[in-house]
Amino acid sequence: MQRTKIKEILYSDKLDYECVVKGWVRSFRNNQFIAVNDGSCLDSLQIVVDSNNTDKDILDHITAGASVSARGIIKASLGKGQKVELIADSLEVLGRCDPDHYPLQLKNRPSLEYLREHAHLRMRTHVFGAIFRVRHSLAFAVHEFFHKKGFVYLNTPIITASDAEGAGEMFQVTTLDLNNVPRKEDGSVDYSEDFFGRSTNLTVSGQLEGELGALALGEIYTFGPTFRAENSNTTRHLAEFWMIEPEMAFYDLAENAQLAQEFIQYVIQYVLDHNRADLEFLDQRLAEEEKQKPQNERSEFSLLEKLRMVTANSFEKITYTEAIDILLKSKPYQKKQFKYDVSWGTDLQSEHERYLVEKHFKKPVIVTDYPKEIKSFYMRLNDDEKTVAAMDILAPGIGEIVGGSQREERLDVLESRMQEMNVPVEEMSWFLDTRRFGTVPHAGFGLGFERLVLFATGMTNIRDVIPFPRTPKSANF
RNA sequence: UCUUCCUUAGCUCAGUUGGUUAGAGCACCUGACUGUUAAUCAGGGGGUCGUUGGUUCAAGUCCAACAGGAAGAGCCA
């Protein structure tokens, strides 16, 4: 008999039918009730066993973490905690779980840090089960959103020879023997002997290749792994993360910002519609965590309230110049509570972004038109020649979740910007070809998928929303 | 990379101004229990106090270095 998933049983009104259920034991109560979870949903199914008529050897091995298979009839539950339960006719232990050595003792509420060190098993817990089901739904919604809009999913290379992307330190990819590196006469490494015949790295962004796609297919998006070898030790940075990068021909900055907002609202609405139980559980988890904090640090909204606010309201849209004005007039600035000074021309610091998003507007904020000196060479120069058509979307609790811009499509302007910022023009000739041959105005943005998952789940550490986090000094599993 | 904090039983954490044999809850083991809901009840076992060095009559407690972890900053998504 084929197994039935627990989700199907719990989310259906059907009764009095026979089925087979397989999963992992969460708890065994009163020598009679086994709570079994199979990962298909947050809740467990209660299996009722007649212990007088069950082999003692089986009963002795019904322990937390053991895997079991049970066959029986689904009945309306006599107890109060659940609607239905499985009255078992037969019960089998598929895989024993020695409770003395099993690292997950869920009744002890192990800390997130402890679970992080046992990442190979943490997906069996309520919290991580919920997180990774929400993560899946978000990924699915990303593809659905772009597909419905007619975007082409483009796979940009993971290994790249371009070192001019300028988005951060790169991981080198090589098959050279590091104990015996071939050298040229001048002592430098001879990369002509390397696998690709040149120096290569893991990608830090698929944007430049994405632009090539957009200037042929119209609208494309990438969704793939991205690598930064920065020594960043924060709750919002990973060395390996997943980035979504749409790139659109014929879009200007305003259309770009509009798309980004629509996109975020769509995927959040998708999980509100499809992951209700998981989000309610994460909402409660966050509420309990908030209770531990002092009153003035607590969030005034619950997770579900925050998510509904994001889908229901337009994001606030301001220019960099307006943001500086707001900050200069703000109480913390006038009371000299900011650690960093505020002045036109310098980048917004975390404390400034947090003030704008969490105190002033209390919702996601799109900041546009930054000074050209603090942004990348490929962003389109505005007519004032001081600012570029850039946009960052700042989210409460996360900070920068989207970074994007209208791209510089004018060959002469782009070349002079590259020279100003010491970007090797010759090496980038393939990129400049798009501007030489049939250039068009276009725009795009990058969104850190894990930061989106952070926002949707209310988790606070990015290492808890990716199954196997890679951070400096840590690449286990 | 910088700053600050943390490391005591399998887990979560107490441990006073340095002072005898380092505690609790849960988990675990033994037993009881057929309507439990993180089941409950009775009994039991379990510790090189992160590592190394130092101060002291005496260090879980004070000092230093190292290791691991966390928070914040910078960089960014």
For [N] versus [M], give the span between their [atom1] atoms, rounded off to a whole number of Å.
{"N": "B:C26", "M": "B:A14", "atom1": "C1'", "result": "15 Å"}
{"N": "B:A24", "M": "B:A71", "atom1": "C1'", "result": "28 Å"}
{"N": "B:U48", "M": "B:G44", "atom1": "C1'", "result": "24 Å"}
{"N": "B:U52", "M": "B:U8", "atom1": "P", "result": "16 Å"}
{"N": "B:G45", "M": "B:G35", "atom1": "C1'", "result": "33 Å"}
{"N": "B:U3", "M": "B:G50", "atom1": "P", "result": "24 Å"}
{"N": "B:C66", "M": "B:C5", "atom1": "P", "result": "15 Å"}
{"N": "B:C49", "M": "B:U7", "atom1": "C1'", "result": "10 Å"}

Roughly how many Å is it from [atom1] in [X] to [atom2] in [N], rounded to a whole number?
{"X": "A:E230", "N": "B:U1", "atom1": "CD", "atom2": "P", "value": "12 Å"}
{"X": "A:D60", "N": "B:G31", "atom1": "CG", "atom2": "C1'", "value": "13 Å"}
{"X": "A:I462", "N": "B:C76", "atom1": "CD1", "atom2": "P", "value": "16 Å"}
{"X": "A:N30", "N": "B:A38", "atom1": "CG", "atom2": "C1'", "value": "15 Å"}
{"X": "A:E85", "N": "B:U37", "atom1": "CD", "atom2": "P", "value": "14 Å"}
{"X": "A:H352", "N": "B:C75", "atom1": "NE2", "atom2": "P", "value": "12 Å"}
{"X": "A:E117", "N": "B:U7", "atom1": "CD", "atom2": "P", "value": "15 Å"}
{"X": "A:L115", "N": "B:G69", "atom1": "CG", "atom2": "P", "value": "16 Å"}

Does a nitrogen or oxygen in the side chain of [X] sit under 4.0 Å from OP1 or OP2 of [N]?
{"X": "A:R26", "N": "B:A39", "value": "no"}
{"X": "A:Q349", "N": "B:G74", "value": "yes"}
{"X": "A:R236", "N": "B:A73", "value": "yes"}
{"X": "A:S27", "N": "B:U37", "value": "no"}
{"X": "A:R29", "N": "B:A39", "value": "yes"}

Ring centre gap for [X] and [Y] strictly below 6.0 Å:
{"X": "A:F361", "Y": "A:F315", "result": "no"}
{"X": "A:F28", "Y": "A:F33", "result": "no"}
{"X": "A:F449", "Y": "A:F223", "result": "yes"}
{"X": "A:H352", "Y": "A:Y340", "result": "no"}

Do [X] and [Y] touch side chain to side chain, with heavy atoms closer than 4.5 Å?
{"X": "A:V142", "Y": "A:V267", "value": "yes"}
{"X": "A:F468", "Y": "A:N476", "value": "no"}
{"X": "A:S405", "Y": "A:R407", "value": "yes"}
{"X": "A:T311", "Y": "A:L307", "value": "no"}
{"X": "A:Y102", "Y": "A:T63", "value": "no"}

Given Watson-Crick or G-U pairs with both distances under 3.5 Å, what dot-bracket string fits RNA chain B, with | for other-strand pairs and [ ] for crossing?
(((((((..((((.....[...)))).(((((.......))))).....(((((..]....))))))))))))....
If you only use heavy atoms from C-beta on, which nucleotide in [options] is closest to the side chain of [X]?
{"X": "A:S350", "options": "B:G69, B:G74, B:U36", "value": "B:G74"}
{"X": "A:H237", "options": "B:A39, B:C29, B:C75", "value": "B:C75"}
{"X": "A:T235", "options": "B:A73, B:A71, B:G69", "value": "B:A71"}
{"X": "A:N231", "options": "B:C75, B:U1, B:C29", "value": "B:U1"}
{"X": "A:R354", "options": "B:C76, B:A73, B:G69", "value": "B:A73"}

Side-chain donor or acceptor of [X] under 3.5 Å from a matching atom on the base of [N]?
{"X": "A:S77", "N": "B:G35", "result": "yes"}
{"X": "A:E351", "N": "B:G72", "result": "no"}
{"X": "A:N233", "N": "B:U1", "result": "yes"}
{"X": "A:Q46", "N": "B:U36", "result": "yes"}
{"X": "A:S232", "N": "B:C76", "result": "no"}

Would you kindly compare A:A239 and A:D50 by the position of their nearest RNA chain B nucleotide and give the one closer to the 5′ end?
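Checking each residue's closest nucleotide, the 5'-ward one belongs to A:D50.
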Upstream residue (5' side of RNA chain B) when A:K80 and A:R116 are each assigned their closest nucleotide:
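Upstream on the strand: A:K80.
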Between [X] (side chain only) and [Y] (backbone N and O only), is there a donor and an acceptor less than 3.5 Å apart?
{"X": "A:R135", "Y": "A:A130", "result": "no"}
{"X": "A:K372", "Y": "A:N382", "result": "no"}
{"X": "A:Q406", "Y": "A:L253", "result": "yes"}

Considering all heavy atoms of both residues, which atom of A:C97 and which atom of A:G65 are nearest to each other, and what is their separation?
CB-C, 3.5 Å
When we call it a touch if two heavy atoms are under 4.0 Å apart, what does [X] touch: a base, just sugar-phosphate, or nothing?
{"X": "A:V49", "value": "nothing"}
{"X": "A:N461", "value": "sugar-phosphate"}
{"X": "A:G446", "value": "sugar-phosphate"}
{"X": "A:L78", "value": "base"}
{"X": "A:Y340", "value": "sugar-phosphate"}
{"X": "A:L452", "value": "nothing"}
{"X": "A:K339", "value": "nothing"}
{"X": "A:E113", "value": "sugar-phosphate"}

Ignoring hydrogens and geometry beyond distance, is a side-chain donor-acceptor pair present between A:R26 and A:H126 at under 3.5 Å?
yes
Taking N or O atoms only and anything under 3.5 Å, show me the protein contacts with nucleotides 9-11 of chain B, one pair per line.
residue: B:G10; atom: N2; partner: A:Q105; partner atom: OE1; Å: 3.3
residue: B:G10; atom: N2; partner: A:N108; partner atom: ND2; Å: 2.6
residue: B:G10; atom: N3; partner: A:Q105; partner atom: OE1; Å: 3.3

